[in-house]
Amino acid sequence: MDQEDKNTSALSNRMAVPGETRKRQDYLEWSEYFMAVAFLSAQRSKDPSSQVGACIVNQENKIVGIGYNGMPNGCDDDLLPWARAADDRLNTKYPYVCHAEMNAIMNKNSADVKGCTMYIALFPCNECAKLIIQSGIKDVVYLSDKYHSTPEMEASRRLLDLARIPYRQFQPKRNKIVIDFESIGLCAQRECNGGCTPAVNGDSAETQNKD
Ligand SMILES: [Zn+2]
């Protein structure tokens, strides 16, 4: 339970004042937020068979890196293969694609990611485990472990265990987080970005601007 959650439970024990406007209770918890950012990032992936996102967070709960799986910068992803299987491994995606974890680390907007937590949709492979260890990430939170029994994941667990980097499976409290562009209340006014309250009963813009 972080400080914010402690405050929430302290508040919920407080007597409600009739008519009082209280803060929302169904806001995203930090871990849901960071995992959702990883999942949103995955939507950028062009990989037809696997879209994975990663989000790196520092000890102040600030996001310092986001990434998703894709071909290396400057390498035309129309000229590289996306297949999972082929007679020649050179015609599969595997020798070329950068995993989400690598991209999140390389995309960092801080000097380093030492002491950070990485949120990832999928348990990291052995190559990503190496990067996680070498970059100083201290904690891994993943959602799916669907390749658990493969040699890559076994090797990954060995490395993370030896490096004493804990990994834990995220337990979502909800199965879906929906992003609804219409939830902001898009109004018909041309200038409005969704933040305006349409004038009601002759309320002037001047009156509204005082809020
Ligand atoms: Zn990997």
Side-chain angles (χ1 to χ4, degrees), residues 31-59 62-172:
S31 57
E32 293 177 300
Y33 175 54
F34 299 134
M35 191 56 86
V37 168
F39 270 72
L40 182 64
S41 171
Q43 293 297 306
R44 277 281 309 153
S45 176
K46 298 174 192 172
D47 188 327
S49 54
S50 172
Q51 303 84 42
V52 182
C55 175
I56 303 174
V57 179
N58 71 14
Q59 283 152 321
K62 290 176 181 159
I63 294 173
V64 296
I66 301 176
Y68 56 89
N69 56 316
M71 295 304 179
N73 292 343
C75 301
D76 189 335
D77 51 24
D78 286 320
L79 301 179
L80 287 167
W82 288 105
R84 299 178 70 185
D87 290 341
D88 186 343
R89 188 172 156 81
L90 283 175
N91 294 327
T92 71
K93 64 180 177 177
Y94 298 109
Y96 312 105
V97 81
C98 299
H99 285 181
E101 297 93 321
M102 170 192 275
N103 285 331
I105 293 169
M106 299 306 290
N107 289 345
K108 66 184 181 296
N109 58 14
S110 53
D112 59 53
V113 291
K114 287 188 175 62
C116 290
T117 298
M118 180 180 273
Y119 288 80
I120 352 171
L122 255 183
F123 192 86
C125 73
N126 59 314
E127 292 300 328
C128 292
K130 296 176 195 174
L131 291 169
I132 288 167
I133 293 166
Q134 296 302 74
S135 68
I137 285 173
K138 65 130 185 51
D139 196 18
V140 171
V141 183
Y142 62 95
L143 200 139
S144 167
D145 192 17
K146 64 179 173 179
Y147 301 119
H148 182 90
S149 50
T150 63
E152 288 82 3
M153 302 304 154
E154 174 69 41
S156 175
R157 288 193 294 276
R158 272 192 207 176
L159 291 172
L160 293 171
D161 288 343
L162 286 168
R164 294 192 176 83
I165 296 177
Y167 42 88
R168 58 197 153 92
Q169 188 162 31
F170 178 64
Q171 304 293 341

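Both counts, for ligands and for their atoms, begin at 1 and track the order of listing. These numbers come from a predicted model, not from an experiment.
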Listed as residue and atom, the protein N/O/S atoms under 2.8 Å from the Zn ion (ligand 1) are His99 ND1, Cys125 SG, Cys128 SG
If only side-chain N and O atoms count, and only distance matters, is there a donor-acceptor pair under 3.5 Å linking Ser49 with Lys93? yes
Would you check if the side chain of Ser144 reaches a backbone N or O of Leu122 as a donor-acceptor pair within less than 3.5 Å? no
On the 0 to 90° scale, with breaks at 30° and 60°, tag the Tyr142-Phe123 ring pair as parallel, tilted or perpendicular. perpendicular
How far does CE of Met35 sit from CG of Leu40, to the nearest 0.5 angstrom? 13.5 Å
Would a 4.5 Å heavy-atom cut-off, applied to side chains only, mark Met71 and Trp82 as touching? yes
Looking at Val141, Ile165, Leu131, Ile137, which hits side chain to side chain contact (heavy atoms under 4.5 Å, CB included) with Met118? Ile137
